[in-house]
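Worth saying up front: this structure is predicted, and the values here are computed from it rather than measured. Lettering follows sequence order; numbering is per chain, from 1.
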Amino acid sequence: MHISTACSLVLAFVSALATALQPERTVDIFAWPLSAAKPQALSKIGYNSTTATVKTYKTPLIPADEQIVRIGFFHSDSSTTWSGIATSASNLAEGKDKKLQILLNTEGLIYHVGFAAYDPAVVGRSGARKDGLSVEVVPMRAGPAVHMNKPVVLDAEGKLADKEPEKTFLQKYWWAIGIFLVLQLVMAGSKE
Amino acid sequence: MLLPIYAAVVLLLRPALAVFADEAWTVDYHHALLGLPKQSTTFFHRPDPNSRASLIYTLSEQGVIGAVNPRDGAVVWRHLLNSTNDASQPSFLRAGDAQDAVVSGLGGQVTAFSAADGRVDWQHIAPDALVDLEILELEDGRGTPGAKDTLCMSAGQHPSVQRLDGATGAVKWEHKIESGDMPYQVSASTTEVFAILLHKTVLGYVKINVVTLDPVTGRKTDEYTLSSENELATAATIVAVGANSASPIIAWTDSAYKTLRINVIGKKAIVDFPINTLGGRPPQRVALHAPYLTTSLAHFLVHYQSLDADWAEVYHVDVKNGRIEKAYDLPKIEGRSSFSTSTNGANVYFTRVTKDHVFTVASTSHGILGRWNVDSTTSSLTDGTARPVHAASEVSVKGESVSAVRSAVLLSSGEWLLLRDGSPQWTRPEILAGTVSAAFALPSEVSDLVNELQEEAHSNPVSAYVHRITRHIGDIQKLPLLLAALPQRFVHGFLGTGSDGSDTFGFHKIIVSATSDGHLVAVNAGRPSDVLWSSAAVILSSGQVWNARVESAAPGIVRVLDDISPMPTFFNASTGAAIGEDEVTSDAALPTSVEVDFTLKDGQLYGTTASQSGHNELWHFGLQKGETILSLTPRPVNDPVASIGKVLGDRKVLYKYLNPNLALLATTYAGQSRLSIYVLNTVSGAILYSNSHQNIDLAAPIAATLSENWFAYSYTAESTSTAPKGHQLVVGELFESLTSNDRGLLNAATNVSSLASSTQPLTLTQTYHIPESISKMSVTQTRQGITSRQLLAVLADSNAIVGIPRGVIDPRRPVNREPTKDEQMEGLFRYTPVLDFDPKWYLNHRREILGVKDVITSPAILESTSLVYAYGLDVFGTRLNPSFNFDMLGKDFNKFQMLATVAALAVATFVVAPLVQRKQINQRWQFA
């Protein structure tokens, strides 16, 4: 019992350490109004497999009659292929709480982005934010696995393993004895 | 109090039966197809030498070997030899004379089958792809008296000729061809085996090299070269290399078809015959028909085919001195005709099938021994829409005359027709075996009325009134016809015999299929036995495969998209006539103006929108390094959903995430055995759900589908340290929120923009072990979407299709605990890790559906019913009632009993009425 707790603590520490030691990657996110010829830099995000921070954020210049803005990033290995989404231009307005999602693949690399904007009252979630932009890491989920039934465990003789040994009287009712003792002490004290 | 009743109802609904026993062979239909037969691999053969009964054997372009009963066209046995469906691959089928064996060759595999029942006798893997296969007819004294040996020639790096033992398939000898020449064909006479090789000269011409082998040892005894240095440009003008004849011949022409050059193999002399065009156009194709038996007379027929006519010449070979002379001509006949050879003992007969006649002549003289008219008005051969492509014939001889001839003719419409003395006995729609895409056409009759009513609604009252009056006058003119047909309709309806042609329930939808050889074929889902129409939609060069997609464009009209023409072409679904795009009124059910389009092109997925500066890229799904797209499944365009939520046991509602712009994307990584699944919003490009499975067998099929607010996919997982290799099915369902009576951020919004909204659906998933892999998935469709759905899964390994009820794969099934009372009321039951396919789910029941590639579904007019059509090689269709046929009377409903009861009640009323009246009067007057 204790050993496992200690183990899990150590593991948690090691994993936290590993996360902390992970090289931080950065990605430049752009905003690209549909009518514009070129994308504009929107933000620089630093991320690792679990957390992300907004390094810089620049409010994009969007023409007043523009309705759609593309948000995305250029692939690191190519300057022309990009991944990104389309969102309403109103979502990038000043007063909104904007949330950028960094979708990571199994290797912890960004493969897509997501974007959401809320009216300020709706959301109070914390996040690494800067000027109304927060960022969230969405790691790739492992595919759902089959929930297997509990395996039947047999002992060396091929019989069903014994049930857990019953707890002793003291293990079961130590709290009752404790209360009794405390009561006794208190009663004894009050009598005096 | 109500709870047990609910529970009882739910329990009653639980066993969602797929097929009722009394519907099994009536609502469903199945064409057990072989594929288009090839001329060289189709013949009549007697499986039992002692009996005169013969079967037709064929190895089709689709790689199916089978035997067909010539009496009724039923398949006696068949095997799918390759599932790759590469029609360009050479294939061979030979049968030894008077033997219960047929030997097939496809790819690098030689297989001998028992001719009577199709059991595999032996298999032999050749060193490389086969070039030719022959049965060695010679009796060398030492050979086994039973099975005859097989010769096979293979190409590749180390070409060789092998002699295989007829009984076991063991290699008796192998002759390696080390001259570097290209192996072409193998041939055998009564005493020698010849390997015909092609030698490429420096100038790029081809020379024919003949190597003579000893049949017993396989050693080379002689070698000589035919044809001069610059005579043959390609091997394409070699007309034929005869095999297994008393004196095998090799014939070739020059590329302009001016001269025919013939050589008796084994003799060095070449005889030239100028090609006589009989005053017409020069031939476009020259073919040679010779008997395949060493015991037959050494006579052969040369068939010339020009653009508009066919003629033939018959030649005799003198076996002793190898002299060839022309015996007689067969006259030129306009229009296509096909020739076939049959033998009876030593006699050789040639049968010619034209548009309206069947002639038989003996090889010895030009006198016509039998002549029959093709006497059917219904056949597509006689009405001029189809022409004979090739034929295989069998003659019965009585004394000097031919008493009967049976010809299995492949028509250009893709039908395989058997003519017995000129009268069609059966047809098999073999063209459907090459279906690459199919679609249900929307019924057109209903839409006509809708259009007329709309016209009345949108014009001014006076003209609308006039329009209505004229419409009613038109309707009244149809009344006498309707009244005359009424008694017959009544009788049919009462007795339940046959259909009257009307389609009240929408079961008679037209299915239009595009086939790989460029044809469009239509069948009626209600009367599937006959092909409605068949037409060549495109002209393809040989070996080209038509990659077409058929879609329903408007009522009664289908749209065909292919890689040949940039614009879609339109066809009338009931006649097959091509129509212009301007005549197509766009379907009201489909949105007319598309704001956002998404495209999968060159392995890239992106969304575009029309703007001033042409098409603008709206979103882009960039693939990772090594990632390839496996499949993209958008939500069906016509996917009605009756309820926007799920009613829980406590009468609360869980809201479904119903977005019409969903697509399921499956990708794999090269060399990583990883499968990734994404659910995309196709308007904004946002990823709504994603996951990644490790350790996947990518060679096994991966199927995926998406409907309503749920998706399903299946794959085969490799074994791990904790689990063995197995097939798994994942089902996911998207909800607006997982709290009942709550729509999350959407609140009461009725319209949501994919771009402006920030809602993310919540996805529940569950995975099951399934007994076998699923090669293709589909979902049933009904008119309003009220009926529960079934997930249709094609099981390639067991040649079956199962319909899995949606309730069984609900991702909300409780895991590792019993369901609560509320969950029970809702119909949820405890999760089990293994999903066994209930035998009742099999739609095909006892049928074996070979080679299915896809399943399409369509709603009928009845809400309870979904039409299902599966194609690929076999064609299978049925009607499904996932929630039983609640809106239709079953077959067990006794109309006679009901009418008898009504009649009896009427009679009883008439009889009893006076009695009651008298009693009432008496009551008033009698005071007792």
Side-chain angles (χ1 to χ4, degrees), chain A residues 32-37 66-78 80-91 93 96-99 101 103-107 109-119 122-123 136 138-151, chain B residues 596 604 607 609 611-613 616-625 627 669 674-678 681 683-694 696 715 717 722-723 726 728 730-732 745 753-760 763-769 811 815-816 831-834:
Chain A
W32 193 355
L34 196 62
S35 54
E66 184 57 82
Q67 299 210 321
I68 298 169
V69 177
R70 290 164 285 191
I71 292 175
F73 65 97
F74 282 100
H75 286 215
S76 55
D77 51 350
S78 154
T80 50
T81 49
W82 61 284
S83 284
I85 56 146
T87 187
S88 170
S90 62
N91 279 345
K96 290 238 181 172
D97 260 326
K98 298 173 269 289
K99 190 171 79 177
Q101 288 177 326
L103 282 80
L104 303 183
N105 64 14
T106 40
E107 276 115 51
L109 290 166
I110 181 167
Y111 74 90
H112 210 68
V113 291
F115 189 79
Y118 308 94
D119 291 326
V122 177
V123 83
E136 183 190 47
V138 182
M140 179 71 91
R141 257 166 290 212
V146 179
H147 300 282
M148 300 302 270
N149 294 333
K150 277 204 186 106
Chain B
V596 178
Q604 297 289 320
T609 182
S611 69
Q612 293 92 339
S613 56
N616 231 332
E617 209 162 273
L618 197 62
W619 54 266
H620 198 114
F621 184 85
L623 294 172
Q624 306 293 301
K625 217 172 241 172
E627 193 177 13
Y669 293 84
R674 184 140 58 92
L675 166 73
S676 292
I677 296 288
Y678 308 93
N681 181 330
V683 170
S684 70
I687 288 172
L688 305 176
Y689 172 81
S690 64
N691 72 36
S692 178
H693 290 269
Q694 310 279 352
I696 303 298
Y715 54 86
T722 54
Q728 296 183 0
V730 179
V731 183
L745 284 171
S753 157
S754 285
L755 294 170
S757 158
S758 305
T759 346
Q760 280 269 340
T763 311
L764 293 179
T765 51
Q766 240 163 32
T767 310
Y768 301 90
H769 275 297
V815 178
N816 286 338
Y831 168 88
T832 48
V834 176

Interatomic distance, A:Thr106 atom OG1 to B:His693 atom NE2 [nearest 0.5 angstrom]: 12.5 Å

Heavy-atom side-chain contact between A:Arg70 and B:Asn616 under 4.5 Å: yes

Largest heavy-atom contact set with chain B, pairs under 4.5 Å, which of A:Trp82, A:Phe115, A:Trp32: A:Trp82

Any A:Pro144 side-chain heavy atom under 4.5 Å of B:Asn691 side chain: yes

When B:Thr765, B:Ile687, B:Val730 are compared by non-hydrogen pairs under 4.5 Å with chain A, the top option: B:Ile687

Beyond-backbone contact of B:Ser684 with A:Thr87, side-chain heavy atoms, under 4.5 angstrom: no

Under-4.0 Å salt bridge between A:Glu107 and B:Arg674: yes

Chain A contact via B:Leu623 - side chain, backbone, both or neither, heavy atoms under 4.5 Å: backbone

For A:Ser83 against B:Gly622, the heavy-atom pair lying closest together: OG-N, 2.8 Å

Most chain B-contacting option - heavy-atom pairs closer than 4.5 Å, from A:Val69, A:Val138, A:Asn91: A:Asn91

Under the ring pair (Phe, Tyr, Trp, His ring centres under 6.0 Å) test, residues paired with B:Tyr768 that sit two or more places apart: B:Tyr831

B:Asn816 CG to A:Asn149 CG distance, which is reported to the nearest 0.5 Å: 7.0 Å

Parallel, tilted or perpendicular: ring planes of B:Phe621 versus A:Tyr111, cut at 30 and 60 degrees: perpendicular

Those residues that, when tested against B:Ser757, pass side-chain hydrogen bond (donor to acceptor under 3.5 Å, both in side chains) (two or more places apart): B:Thr759

Nearest atoms (heavy-atom pairs only) where B:Ser690 meets A:Arg141: O-NE, 3.3 Å

Minimum side-chain heavy-atom gap A:Gln67-B:Leu755 below 4.5 Å: no

Portion of B:Glu627 that has a non-hydrogen atom of chain A nearer than 4.5 angstrom: neither

Within-4.5 Å side-chain heavy-atom neighbours: B:Tyr678 and A:His112: no

